[in-house]
Participant: 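Structure incoming, see below.
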Number of protein chains: 2
Amino acid sequence: MRIMGTRIADTIRERIEQMIVTGEFADGERLDEVKLAEQFGVSRTPLREAFQSLAASGLLTLEARRGAFIRHPDFVELVEMFEVMAELEAMCGFRAARRVSEQQMRDIGRTIEACEAAIAKGDFDEYYRENETFHHLLYEASGNSFLAREAARLHKRLKPYRRMQLRVTGRMPQSMREHRAIYAALEKSDSKAAAATLRQHVAIQGERFNDLMASYRQMAPRKAG
Amino acid sequence: MRIMGTRIADTIRERIEQMIVTGEFADGERLDEVKLAEQFGVSRTPLREAFQSLAASGLLTLEARRGAFIRHPDFVELVEMFEVMAELEAMCGFRAARRVSEQQMRDIGRTIEACEAAIAKGDFDEYYRENETFHHLLYEASGNSFLAREAARLHKRLKPYRRMQLRVTGRMPQSMREHRAIYAALEKSDSKAAAATLRQHVAIQGERFNDLMASYRQMAPRKAG
DNA sequence: GTCAAACCTCTTGTATACAAGAATATTGAA
DNA sequence: TTCAATATTCTTGTATACAAGAGGTTTGAC
C-alpha cells in the first residue's frame, strides 16, 4: 500500500479510532468538536474529516446538525455482527487451508504459542495482542486481500466487545484448543474443518451467548437489547 | 433509520456516488475539487466531506496532497470482491430460507417476474433495477440487518462491474433459472440449497470468469490484471 | 403551578482565506 | 539536445469566519 504523507486529519482519525476501540467513550456520548479540536491542538476542519471517515467505518454515528455520537450496537446487532464475523473468518480459514504458505504456518504457530504463554503468565494484554495477530495472519493467509481487509475492518469494529467477552473466565482453555484445532486443519489442508472450527471459534452461541449478554448488560445498562 | 436533515455534504455524496457507480469516471481519473464544487454550486468544504465518506466506502481513493482518484480495482481484486459478494449472498440465502416471511416471498416472486418481463421486452435498465431489488429483498430476508447492510454496501460498490457482466449475451436465461431455483429453495426452507444456488448465481467462475475478463480488458485496458 | 411561545445560546454546517506541498515549466549548463 | 536545478503555479490541507438550526431557558398567560 502507498505510504501517505502526514495529514493531520489522518492522525486525528487514528487517535480517535484508538479511543473508541479501547472503549474510552460511553454509549450515547457526544464527541464535542471544539473540545476535541482544542485537545488535539487543531482546528475543527481535520476533526470533522476524521468524523466522516470514522462514521463511514461505523465507529461513530453522525446525526445531522446534532453531532457525532458513540452508539454502541444494541445486543441484537452485536450478535448479528459476530455472526457475520464468524462467517468471514470461516471463509478465510476455508481458503487459507488450501493456500497458506509454510512461512505463514510458522508465524501462525508462533502466535498460538505466544497466546498460551501469555495466558500462563496471566498477561491478558499480551494475550489480546497475540490473539489479534493470530486472526490477522489468518485473514492474510486466505489469499484474498479484499476479504482480508474486510475481515480486519469488522474485527476492529468488534474490538471493544471482544474484550468484554474475554473477561469472562474459563473460556481461555477452550479458546486455546480451538486455536490448535484450526492450526491442525490448516496443516492437513482440510478446508471444511478449518472453516467449521473458525466459525465455532468466533460465533456467539451456547454458553458464550449468555456470557456476552451478561457482560453487555453490565457495560451498556441503558439498552434492553 | 433516523431521517437526517438536509446537509449539502450528504446530497453531494449521493450525487457523486451515483456518478461513480454509473461508471461516469474513467479509471485513474482525478476528481477536481474546485471544478466539482463549482459544478454543484457549493464550496469545497462539503465536497471534501463527501470525498472522505466515499473513500471510506471504497468508491474512491484519497491520496495525501494529491487528490481524490477513481481507482478501479484490478482484475484480481475484482474477482476477490465477487468472491466475497458470493459468500455474503449465500449467507443471506442460508438465513433467509429459515426466516423469510410470506410477504417477503411474494415480493421476491414479483421481482423475479418483473425481471423476466423486462428481458422479454428487451428493457435492460428495468431488468437491472428489478434484479437489484431482488437481491436487496434477499439481504433483508436474511433477518440479519447488519449483514443486509454490508451486503448492500458491497453490492453498490460492484455495481459498475456487474453492469459490465450483464452486457455479455446469453447469460440472461441462465440467470433467470437461478432466480427461480433460489425462490424454490426458499419456499422449501432449504437453507443449503438457497446458499449454494446464490453462491453459484453471484460467483465469477467458469465461462463467466472469461466473460468478465474480456469485458474488463475492454473497459480498463491500462491494467494488466 | 403548568404549559406554551418566543428568545437566546450553543453547536453544527458552509464558505472563504491562508499555508504548504506537488506538479510543471523554465532556465542554465554540459 | 538533454538533463538537472530552480522557480512558478496549481492543488490540497488547515484555519477561521460566518450562517443557520437545535435545544434550552425565560417569560407570560391561563
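Proteins come first, then strands; the chains are lettered A, B, ... in the order of their sequence lines, and each starts at number 1.
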Participant: Between A:Lys156 and A:Glu17, does a salt bridge (Lys or Arg N to Asp or Glu O under 4.0 Å) hold up when you go through it step by step?
Facilitator: CA-CA 9 Å; A:Lys156 186 189 287 170; A:Glu17 180 175 304; 2.8 Å; yes
Participant: Among C:dG13, D:dT11, D:dT14, which is the nearest nucleotide to the side chain of A:Arg48?
Facilitator: C:dG13
Participant: Should we count CD of A:Glu38 as having more than 12 external heavy atoms under 6.0 Å?
Facilitator: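 No, the 6.0 Å shell around CD holds no more than 12 heavy atoms from other groups.
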Participant: Among C:dG21, C:dT14, D:dT11, which is the nearest nucleotide to the side chain of B:Arg65?
Facilitator: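 Among C:dG21, C:dT14, D:dT11, the one nearest the side chain of B:Arg65 is C:dG21.
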Participant: Picking from C:dG13, C:dT16, D:dA15, which would you name as closest to the side chain of B:Arg7?
Facilitator: C:dG13
Participant: Map B:Asp32 and B:Thr45 onto DNA chain D by nearest heavy atom, then report which one ends up closer to the 5' terminus.
Facilitator: B:Asp32
Participant: Answer with yes or no whether the side chains of B:Arg15 and B:Gln18 bring together a donor and an acceptor at under 3.5 Å.
Facilitator: no
Participant: Whole Å only: how far is the CG atom of A:Leu36 from the P atom of C:dT12?
Facilitator: 10 Å
Participant: Would you mind telling me which of C:dG13, D:dT14, D:dG13 lies closest to the side-chain atoms of A:Arg44?
Facilitator: C:dG13
Participant: Specify the separation, in whole Å, of atom NZ of B:Lys35 and atom C1' of D:dT12.
Facilitator: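 From B:Lys35 NZ to D:dT12 C1': 15 Å.
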Participant: Starting at atom CD of B:Glu38, determine the distance to atom P of D:dT11, rounded to an integer number of angstrom.
Facilitator: 12 Å
Participant: If you count the non-hydrogen atoms of other residues, nucleotides and ligands that lie under 6.0 Å from CD in A:Gln103, is the total more than 12?
Facilitator: yes
Participant: Please report the distance, rounded to the nearest Å, between CG in B:Leu47 and C1' in C:dT16.
Facilitator: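 Going from CG in B:Leu47 over to C1' in C:dT16 covers 15 Å.
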Participant: Looking at D:dT11, I'd like to know if its phosphate oxygens (OP1 or OP2) sit under 4.0 Å from a side-chain N or O belonging to B:Arg66.
Facilitator: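 So the side chain of B:Arg66 is outside the cut-off, no N or O lying under 4.0 Å from OP1 or OP2 of D:dT11.
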Participant: Could you give the CZ-to-P distance, from A:Phe40 to D:dA15, as a whole number of Å?
Facilitator: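 Result: 13 Å.
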Participant: Does the cation-pi check pass for A:Arg48 over A:Phe51, that is, NZ or CZ under 6.0 Å from the six-membered ring centre and within 45° of its axis?
Facilitator: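 The answer is no; the distance or angle limit is not met.
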Participant: What is the distance from CZ of B:Phe51 to P of D:dG13, rounded to the nearest Å?
Facilitator: 10 Å
Participant: Heavy atoms from C-beta onward define the side chain here; which of D:dA15, C:dA15, D:dT11 lies closest to that of A:Val42?
Facilitator: D:dA15
Participant: Mind calculating the distance between CD (A:Glu49) and P (D:dA15) to the nearest angstrom?
Facilitator: 11 Å
Participant: Between P on C:dA22 and CZ on B:Arg30, what's the gap in Å once rounded to a whole number?
Facilitator: 14 Å
Participant: Looking across every strand, which nucleic acid part, if any, lies under 4.0 Å from A:Glu33 by heavy atom: base, sugar-phosphate, or nothing?
Facilitator: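 The residue A:Glu33 makes sugar-phosphate contact but no base contact.
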Participant: At 4.0 Å (heavy atoms only), tell me whether B:Val34 reaches a base, stays on the sugar-phosphate, or touches nothing.
Facilitator: nothing
